[in-house]
Structure formats: C-alpha cells, structure tokens
Protein chains: 2
Amino acid sequence: MTAAVESGPRTERNADATRARILDAAFREIYRKGFQGMRLDDVLRQTGLTKGALYHHFPNKMSLGYAVVDELIAEAMSGIWVTALQDSRDPIGVIIQLITNLARGHGPFEAVTQGCPLNNLAQEMSPLDEGFRMRIDRVFQTWSRCLVEALEAGKRHGTVRQELDSERAAIFVIAAVEGCIGMAKNAQSLERLQVCTTSLVEYLDSLRS
Amino acid sequence: MTAAVESGPRTERNADATRARILDAAFREIYRKGFQGMRLDDVLRQTGLTKGALYHHFPNKMSLGYAVVDELIAEAMSGIWVTALQDSRDPIGVIIQLITNLARGHGPFEAVTQGCPLNNLAQEMSPLDEGFRMRIDRVFQTWSRCLVEALEAGKRHGTVRQELDSERAAIFVIAAVEGCIGMAKNAQSLERLQVCTTSLVEYLDSLRS
DNA sequence: CTACATACCGACCATCTGGTTTGTCAATAG
DNA sequence: CTATTGACAAACCAGATGGTCGGTATGTAG
C-alpha cells in the first residue's frame with residue numbers, strides 16, 4: 001500500500017508553504033517600508049523562520065523583491081481589475097465602481113494610509129533598478145491593456161464614445177487613480193481620496209457616449 | 001580704517017554657504033535614492049566636508065531631511081507654480097503651459113527619469129514619519145491654495161467656468177500631474193509623459209468657460 | 001593681545017544588514 | 001538498512017551606517 005500519493009497539507013517541512021510565508025511577509029514589509037526599507041530580519045521574525053530558510057528559497061534580497069512583484073502584486077492587480085472588467089458591456093461603470101469602492105475604504109489593501117503597493121514600488125525602484133522597473137512595467141501594461149480592451153468593448157456596445165483614444169484614456173486613468181491614492185496617502189485622509197476621486201469619476205463619465 | 005563691514009562672500013569658513021552646500025547635496029541624494037536610501041557619507045563625499053561639519057549644522061539625519069523639504073523643495077515649488085500663476089487672467093492656459101513644458105523635458109528637474117522631488121518624498125515618507133508628512137503636506141497645501149486662487153481669479157475674468165468647484169479641481173489637477181509624472185518615471189519614457197499629459201490637458205480645457 | 005565662541009576636522013564606536021557556512025534532520029531512492 | 005538530497009537552523013562575518021567626541025583653526029569682541 002505504501003501510504004502513497006500525498007494527503008493534505010503538511011504542518012511542518014512544507015517547502016511551498018514556507019516559500020509562500022516568506023513571500024507574504026516580505027510583501028507586508030515592502031508595503032510598509034519600501035524595498036530599501038524592508039529588513040530581512042524583520043521578514044524572518046514575522047515568519048518565525050531563519051536566514052537558512054530564506055536563502056534556501058531565494059538567492060538574495062533583490063530576487064525576493066522581484067518575486068513579490070511577479071507573484072503577489074501582479075496577481076492582486078489582475079484579481080481586481082482584469083477580473084472585474086472581463087466581458088463588461090459598461091466598462092466605465094465598472095471602473096467607476098472600483099474607484100468608488102476604493103474611496104469607501106473597501107479595498108483589498110490600505111490605500112489611504114499605505115498607498116498602492118504597485119505604485120509605491122514603482123516610484124521607489126524604477127529609477128534605481130532595471131529589473132524592478134521591467135517587472136513593474138509589465139504589471140502596468142497588463143492593467144492598461146485590460147482597460148483598453150474593456151473600453152473598446154464598450155465602444156462596440158455603445159456605452160463608450162467612438163472617438164475616444166482608448167490607449168490614451170487607459171494610461172491617464174491609471175495615472176489619475178495612482179495620483180489620487182497618492183494624495184490621500186500624503187494627507188492620510190479618506191476624505192481627501194473621496195474629493196480627489198470625485199473629479200476622476202466626472203472625467204470618466206465624460207467618456208460615455 | 002578697520003576693513004569694516006563685510007565685503008562679498010568668503011571663500012572659506014562661511015557657515016551659511018557650508019550649510020547650503022550640505023543641503024544641496026542632500027537634496028540630490030534624496031532625489032536619487034529616497035530619504036532612507038540617502039547615505040550621509042555620500043552627501044559628505046559630494047561636498048568634500050566631514051561628519052563634524054554636518055552635525056554642526058544639523059542635529060541628525062531626520063532634521064537634514066526636514067530642512068530639504070522646508071528650504072529647498074518648498075521654494076522650488078513656489079518658484080514654479082506660485083510665481084507663474086500670480087495675477088494670471090487665464091490660469092488654465094498657464095497650467096497647461098507648465099504641464100506642456102514639463103512634457104517637453106524643459107523642467108527644473110528630471111521629471112521623466114527621477115520623478116517629482118516632492119511627490120517622491122511624500123510617497124516614501126508620509127506613512128512613516130509624521131514630521132515629514134506635515135512638512136510635505138504644507139507644500140501641497142500651498143500649491144493647492146495657489147491653484148484655487150488662480151481658478152477663482154479666472155472665474156472673475158471669465159476664463160473659467162463659474163460652476164467649477166475650484167478646491168476639488170485643484171486637488172485633482174495636482175493628483176493628475178503627479179500621477180502622470182509617476183507613469184513616465186516608471187516607463188522611463190518622455191513619450192509616456194506626453195501621452196499622459198495630453199489627456200490631462202484635455203481635461204483642463206474642459207474647465208474653461 | 002586675550003578670551004571666547006563658532007566652524008569644522010577626523011578618528012572612533014555600536015549597531016545593523018545582507019549574505020555565508022556549517023550542521024541537522026526528515027524524506028526518499030536504491 | 002543505507003546513501004543521498006531537500007529543507008531548514010544557527011552561528012558567524014565583513015562592511016556599511018548613523019552618530020559621538022575631543023581637538024583645532026578661524027573669526028571677533030573687548
């Protein structure tokens with residue numbers, strides 16, 4: 001019988017789970033302090049692991065940062081924007097909804113106090129490290145492409161103005177969203193986010209046909 | 001005759017000049033690497049001074065950072081926005097002009113590759129240190145107030161729509177400007193900045209009466 | 001000229017930080 | 001059962017980093 005196959009999650013000595021724990025803790029620390037401000041010891045303290053474990057799964061600090069972008073942040077973005085905009089007839093409405101949720105404090109992350117994980121990293125690391133920049137840019141491009149496709153679909157469904165330059169609009173929407181979150185983060189004020197997004201929603205409404 | 005009064009700048013042992021040199025170098029380093037990434041030794045190497053000089057003029061690293069915000073960044077912002085918008089009958093035109101200049105690469109700083117010094121610091125430090133946050137917020141408020149006043153003046157001169165909520169618009173413009181610069185910085189592309197600001201200019205035009 | 005304050009030097013220090021190395025123990029293969 | 005490998009622990013290291021401190025040179029008031 002050989003006790004074969006495998007039966008459920010192991011509580012100890014589960015490599016994948018350990019890696020995920022490290023990744024998760026690293027994300028939190030990077031989100032709070034930035035990549036340069038993240039300390040490996042803090043990550044390890046949070047997981048209860050040691051240097052050995054960390055350096056078994058990642059060759060160095062930089063790679064850990066890269067993995068956070070590729071595996072956590074990219075997924076999170078996709079989970080929010082790509083998912084919500086798939087097969088939507090009224091993309092503008094969906095975008096407005098997502099932004100409104102954010103401004104209500106209903107986000108998957110603490111946008112007001114901590115900002116957007118993706119943009120935080122972009123602003124900190126893009127000029128400093130090409131590896132980070134490329135990975136982050138990939139995420140922004142996915143986001144942008146998803147917006148473009150949704151807007152084009154909106155045109156086909158007659159909910160978006162035909163003359164709209166989707167590419168241009170998509171990039172600007174992303175810029176504006178990140179800008180609004182940044183304002184809120186600096187003011188540490190949810191109200192600031194609301195004031196700011198109100199204008200953005202107005203702009204979005206102007207794109208309707 | 002006692003060689004009295006004082007005659008021009010002294011070449012050595014000029015306290016104010018020394019302080020200014022330190023401040024200047026600190027600004028450059030913070031601009032490139034962020035406050036956390038700035039190393040005092042690098043600042044000193046750049047100025048040719050030593051620890052003694054630095055700690056004579058500033059009690060610690062944090063205070064040096066504060067001084068950069070209060071004395072350099074605040075001044076720079078004022079020098080650009082407040083100056084340009086004073087006594088303007090057509091604020092929207094002026095704002096568009098400033099943004100266009102930026103997108104042409106004619107800025108006082110390397111916006112495309114390095115971002116906006118003020119916003120960089122805001123995104124990095126606001127959640128981490130209340131002292132930084134307050135100082136940075138003060139600069140943003142000055143900027144915002146200057147935009148509000150200009151827009152109100154524009155209303156009086158009939159170049160801006162009467163129904164416009166100036167406060168709201170001002171904050172959004174700042175958010176959008178910073179957002180656009182952020183996009184360009186991540187892409188490390190002047191073209192991206194141009195694409196992004198084009199939409200912003202469109203929005204600004206829509207505020208005209 | 002004296003006395004004192006200011007401006008600055010440069011060696012020194014404790015701590016932190018990313019990274020390395022060696023060792024241990026469980027799982028799996030043969 | 002034994003050999004090997006994967007997963008992790010723990011001690012360790014070198015360099016960096018913010019900060020301190022005693023000293024020195026310069027300017028200035030009396």
Side-chain angles (χ1 to χ4, degrees), chain A residues 1-26 29-30 32-68 125 128-129 131-132, chain B residues 1-26 29-30 32-68 125 128-129 131-132:
Chain A
M1 222 159 276
T2 68
V5 233
E6 44 93 57
S7 52
R10 288 74 173 273
T11 38
E12 54 185 1
R13 226 174 162 68
N14 181 333
D16 288 349
T18 300
R19 204 187 111 100
R21 269 165 65 204
I22 295 173
L23 225 46
D24 240 58
E29 285 299 304
I30 291 175
R32 287 195 59 194
K33 315 254 195 89
F35 177 74
Q36 298 181 96
M38 164 188 84
R39 300 291 114 121
L40 296 182
D41 283 345
D42 291 339
V43 170
L44 295 174
R45 211 169 299 135
Q46 225 179 92
T47 58
L49 294 165
T50 60
K51 285 277 172 73
L54 200 162
Y55 278 86
H56 175 72
H57 289 282
F58 303 94
N60 50 40
K61 187 188 179 185
M62 198 67 95
S63 299
L64 176 57
Y66 289 172
V68 166
M125 296 306 294
L128 291 181
D129 181 85
F132 262 112
Chain B
M1 222 158 278
T2 68
V5 232
E6 43 93 58
S7 52
R10 289 74 175 275
T11 38
E12 54 185 3
R13 226 178 160 71
N14 182 333
D16 288 348
T18 300
R19 204 187 111 100
R21 268 166 65 205
I22 296 173
L23 225 46
D24 240 59
E29 286 299 305
I30 291 175
R32 286 195 59 193
K33 315 255 195 88
F35 177 74
Q36 298 181 96
M38 165 189 85
R39 299 293 116 125
L40 297 181
D41 284 344
D42 291 338
V43 170
L44 295 174
R45 212 169 298 136
Q46 223 178 94
T47 58
L49 295 165
T50 59
K51 283 278 172 74
L54 200 162
Y55 277 86
H56 174 73
H57 289 282
F58 303 94
N60 50 41
K61 187 187 179 184
M62 198 67 95
S63 299
L64 176 56
Y66 289 172
V68 166
M125 297 305 295
L128 291 181
D129 182 85
F132 261 112

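Labels below follow one simple rule: chain letters A, B, ... track the order of the sequence lines, proteins then strands, and each chain is numbered from 1. Predicted model only: the values in this text are computed from it and were never measured.
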Just verifying a value: how many Å separate [X] [atom1] and [Y] [atom2], rounded to the nearest 0.5 Å?
| X | Y | atom1 | atom2 | result |
| --- | --- | --- | --- | --- |
| B:Gln36 | B:Lys61 | CD | NZ | 7.5 Å |
| A:Asn60 | A:Leu54 | CG | CG | 10.0 Å |
| B:Leu64 | B:Ile22 | CG | CD1 | 7.5 Å |

Checklist entry - Nearest nucleotide by nearest heavy atom, which residue falls closer to the 5' end of DNA chain D, A:His56 or B:Gly52? => result A:His56
Next on the checklist: Considering every strand and a 4.0 Å limit on heavy-atom distances, what is the contact class for B:Met62: base, sugar-phosphate, or nothing?
Outcome noted: nothing
Checklist entry - When we call it a touch if two heavy atoms are under 4.0 Å apart, what does B:Leu49 touch: a base, just sugar-phosphate, or nothing? => result sugar-phosphate
Checklist entry - Between B:Arg45 and B:Asp42, does a salt bridge (charged side-chain N to carboxylate O under 4.0 Å, His left out) hold up when you go through it step by step? => result CA-CA 5 Å; B:Arg45 212 169 298 136; B:Asp42 291 338; 3.1 Å; yes
Round to the nearest Å and state the distance from [X] atom [atom1] to [N] atom [atom2].
| X | N | atom1 | atom2 | answer |
| --- | --- | --- | --- | --- |
| B:Tyr55 | C:dT6 | OH | C1' | 20 Å |
| B:Gln36 | D:dG18 | CD | P | 11 Å |
| B:Leu54 | D:dC21 | CG | C1' | 15 Å |
| B:Leu44 | D:dT17 | CG | P | 12 Å |
| A:Ile22 | D:dC8 | CD1 | C1' | 10 Å |
| A:Asp41 | D:dA9 | CG | C1' | 14 Å |
| A:Arg45 | C:dT17 | CZ | C1' | 12 Å |
| B:Asp16 | C:dT6 | CG | P | 14 Å |

Minimum-distance nucleotide (side-chain atoms of [X] versus [options]):
| X | options | value |
| --- | --- | --- |
| A:Leu40 | D:dC8, C:dG19, C:dC8 | C:dG19 |
| A:Arg39 | D:dA9, C:dG18, C:dC8 | C:dG18 |
| B:Lys61 | D:dA9, C:dT20, D:dG19 | D:dG19 |
| B:His57 | D:dG18, D:dC8, C:dC8 | C:dC8 |
| A:Lys51 | D:dG18, C:dC8, D:dA11 | D:dA11 |

Next on the checklist: Any side-chain N or O of B:Thr18 below 4.0 angstrom from OP1/OP2 of C:dA7?
Outcome noted: no
Checklist entry - Are A:Arg21 and A:Asp24 ion-paired here, with the side-chain N under 4.0 Å from a carboxylate O? => result no
